[in-house]
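A short write-up of the structure that comes next.
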2 protein chains.
Amino acid sequence: MARKPLTKPRKHASQERSRATVDALIEATARILVREGFDKASTNRIAEVAGVSVGSLYQYFPGKDALVAAVIERHHQEIMQVVRAALAEIASQPVKKGVRRLVAAAIEAHRIDPKLHRVLAEQIPRTGRLENVEAFNRETYALFRTYLEGHSDEIRMVDLGLAAFVCGTSIEALTHTAVLHRSDMLSDEAVGKLVDETTRLVVGYLQ
Amino acid sequence: MARKPLTKPRKHASQERSRATVDALIEATARILVREGFDKASTNRIAEVAGVSVGSLYQYFPGKDALVAAVIERHHQEIMQVVRAALAEIASQPVKKGVRRLVAAAIEAHRIDPKLHRVLAEQIPRTGRLENVEAFNRETYALFRTYLEGHSDEIRMVDLGLAAFVCGTSIEALTHTAVLHRSDMLSDEAVGKLVDETTRLVVGYLQ
DNA sequence: GGAAAATAAGAGCCATCGCTCACATTCTAT
DNA sequence: ATAGAATGTGAGCGATGGCTCTTATTTTCC
């Protein structure tokens, strides 16, 4: 069988020009998702907004899904940076203070790009190659569990995996819902209240 | 202007035959969503699976969205029946017992048709006419808040709206995630543990 | 300077999808 | 029995979308 050098290289960029093209495509995808919604994000439109041709698009991405996946990946990296930083910071802090800081970080993370976060959560079908959204949550759980292990003397529970699941899921759900669906909870005062309540919920549960 | 009797009547069914058609269409939509996923649910395919022609489909539904909306509606009615029953039952029970019963009901509700629930949660773009998924949650919150108001003497908090938000969001997130993404938590034993923990989380927070 | 590799362009193929419409069949009521 | 309403049929139109392929331009390297 002969090779297919023409269609195959749909992969890496090496020159600077092409890296710019790749960036423009990802950025355009994100913009369209936010401004026009998922079903307007056709490959033709993405290329158009990126100021690039469809042909170029398919040089670097095997299809539409890959573009969306790249946007998700980028967004999750940003979020995880905030979360990891917070977890590192609280490693040696007592539970009450640590959880409080973590809740604040969760809100901060959701505020990085709420509109994009919302589209990703509500409009992207989690199917096929896009179902690894959970994998990202697993990392958070694992990290938080490690934190709990280092503070097991402050905690009444035995099953720290379960504890991490309960706390992690609650914190994520509360901050996610508040930031994305309750604009009435976004004043500084209301956010403070939310942090208070969530912290109380979690700390009360752990101790 | 002349009337357009041909295209207009796309609405109600009166004979029994047509009611069967409508049911078959909704049922077919649900089946396809579960077995093949959202993007396979084209109007042609739905009609085919329902054993009906596309033309008939458009006699009763203005479009694909309406079909999906009907499936969502039916599913939510089933869920709300369980939730409302539980809330009615606990109305005069103390918080600890009541919350426990409510958590069990939430799990029960998610178990009615987990596969469909998952598809609805993960694959249906919440856009346009389909964004009223939240309205359904609001009812639960309102009902739960009413319960809390009747037991305010057992509760430390002042802002019962906020309390209902925190508790409702947590219960929903925990039961949803456990049933749909943690098959390891579905043994009788694990479910019991989950109910215990969720109840403790919420009751500890309220009191 | 020039060949070859890398990158970009974009017209257009092909498949699919939502939906219509002209027509066929069945039901209801007189 | 039969008119007319209700219901059912399905080929196919128009639009759109994903993606390919040929051709053009730019960059690299000698």
Side-chain angles (χ1 to χ4, degrees), chain A residues 2-26 28-29 32-33 36-70 123-125 127-130, chain B residues 2-26 28-29 32-33 36-70 125 127-130:
Chain A
R3 302 211 275 140
K4 339 187 239 164
L6 264 174
T7 345
K8 187 190 48 187
R10 200 180 286 160
K11 267 293 165 183
H12 259 323
S14 60
Q15 297 181 11
E16 192 173 348
R17 187 168 49 130
S18 58
R19 245 170 280 130
T21 301
V22 169
D23 282 356
L25 283 166
I26 297 179
T29 306
I32 294 172
L33 286 177
E36 306 174 39
F38 179 71
D39 33 312
K40 291 289 171 59
S42 69
T43 49
N44 283 312
R45 179 109 185 87
I46 291 172
E48 180 192 334
V49 171
V52 145
S53 78
V54 233
S56 296
L57 186 156
Y58 282 95
Q59 293 253 333
Y60 303 108
F61 296 93
K64 180 187 167 171
D65 285 357
L67 254 322
V68 177
Q123 290 188 37
I124 311 294
T127 182
R129 69 183 54 186
L130 263 44
Chain B
R3 303 212 275 138
K4 335 187 244 164
L6 264 175
T7 346
K8 187 189 47 184
R10 200 178 287 158
K11 266 292 165 186
H12 257 323
S14 62
Q15 296 181 10
E16 191 174 349
R17 190 167 46 130
S18 59
R19 245 170 281 129
T21 301
V22 169
D23 282 356
L25 284 166
I26 297 178
T29 306
I32 294 172
L33 286 178
E36 306 174 37
F38 179 72
D39 32 313
K40 292 289 171 57
S42 69
T43 50
N44 283 313
R45 179 108 184 87
I46 291 171
E48 179 192 334
V49 170
V52 146
S53 79
V54 234
S56 295
L57 187 156
Y58 282 95
Q59 293 254 334
Y60 304 107
F61 296 92
K64 180 187 167 172
D65 285 358
L67 253 325
V68 176
T127 183
R129 69 182 55 185
L130 264 44

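Every chain is numbered from 1 and lettered A, B, ... according to where its sequence line falls, protein lines coming before strand lines. Computed from a predicted structure; not experimentally measured.
- dA15(C) atom P lies 20 Å from atom NZ of K64(A), rounded to whole Å.
- Applying the salt bridge (Lys or Arg N to Asp or Glu O under 4.0 Å) test to residues at least two apart or on different chains, none of the pairs has a partner in residues 53-67 of chain A.
- Contact between the side-chain N/O atoms of Y60(A) and the OP1/OP2 oxygens of dA8(C) is found at a separation under 4.0 Å.
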Which pairs of donor and acceptor atoms, one on a side chain in residues 41-51 of chain A, lie under 3.5 Å apart (sequence neighbours left out)?
unit_1: S42(A); atom_1: OG; unit_2: R45(A); atom_2: N; d: 3.1
unit_1: R45(A); atom_1: NE; unit_2: E36(A); atom_2: OE1; d: 3.0
unit_1: R45(A); atom_1: NE; unit_2: E36(A); atom_2: OE2; d: 3.4
unit_1: R45(A); atom_1: NH1; unit_2: E48(A); atom_2: OE2; d: 3.2
unit_1: R45(A); atom_1: NH2; unit_2: E36(A); atom_2: OE2; d: 2.9

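- Not one side-chain nitrogen or oxygen of T43(A) sits closer than 4.0 Å to the OP1 or OP2 atom of dC19(D).
- Distance check: L57(B) CG to T29(B) OG1 gives 7.0 Å after rounding to the nearest 0.5 Å.
- Rounded to a whole Å, the CG atom of L67(A) is 15 Å from the P atom of dG17(D).
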Using a cutoff of under 3.5 Å, can you pull out all pairs of nitrogen or oxygen atoms linking the protein to nucleotides 9-13 of chain C, with atom names and distances?
unit_1: dA9(C); atom_1: OP2; unit_2: S53(A); atom_2: N; d: 3.0
unit_1: dA9(C); atom_1: N7; unit_2: S53(A); atom_2: OG; d: 3.3
unit_1: dG10(C); atom_1: N7; unit_2: S53(A); atom_2: OG; d: 3.4
unit_1: dG10(C); atom_1: N7; unit_2: G55(A); atom_2: N; d: 3.4
unit_1: dG10(C); atom_1: O6; unit_2: G55(A); atom_2: N; d: 3.4

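- Rounded to whole Å, the distance from CG on L57(A) to C1' on dC19(D) is 10 Å.
- Rounded to whole Å, atom P of dT16(D) lies 13 Å from atom CD of E48(A).
- Put simply, CD1 on I26(B) and OG1 on T21(B) are 11.0 Å apart, with the number rounded to the nearest 0.5 Å.
- Counting to the nearest Å, the C1' atom of dC19(D) and the CZ atom of R45(A) are 19 Å from each other.
- Listed by chain and number, the residues in a side-chain contact (heavy atoms from CB on, under 4.5 Å) with A69(A) are L130(A) (sequence neighbours excluded).
- The CD1 atom of I46(A) sits 8 Å away from the P atom of dG18(D) (whole-angstrom rounding).
- Comparing D39(B) and R17(B), the nucleotide of DNA chain C nearest to each residue sits closer to the 5' end for D39(B).
- Between R19(B) atom CZ and dA6(D) atom P there is a gap of 14 Å when expressed in whole angstrom units.
- One interatomic measurement links the two molecules: CZ of F61(A) to P of dA8(C), which rounds to 12 Å at whole-angstrom precision.
- From F61(B), atom CZ reaches atom CG of L25(B) across 5.5 Å, with rounding to the nearest 0.5 Å.
- One finds no side-chain N or O of Y58(A) lying less than 4.0 angstrom from the OP1 or OP2 phosphate oxygen of dT20(D).
- Residues S18(B) and Y60(B) come closest through the heavy atom pair CB-OH, 3.0 Å.
- For dG8(D), the OP1/OP2 oxygens have a side-chain nitrogen or oxygen of T21(B) closer than 4.0 Å.
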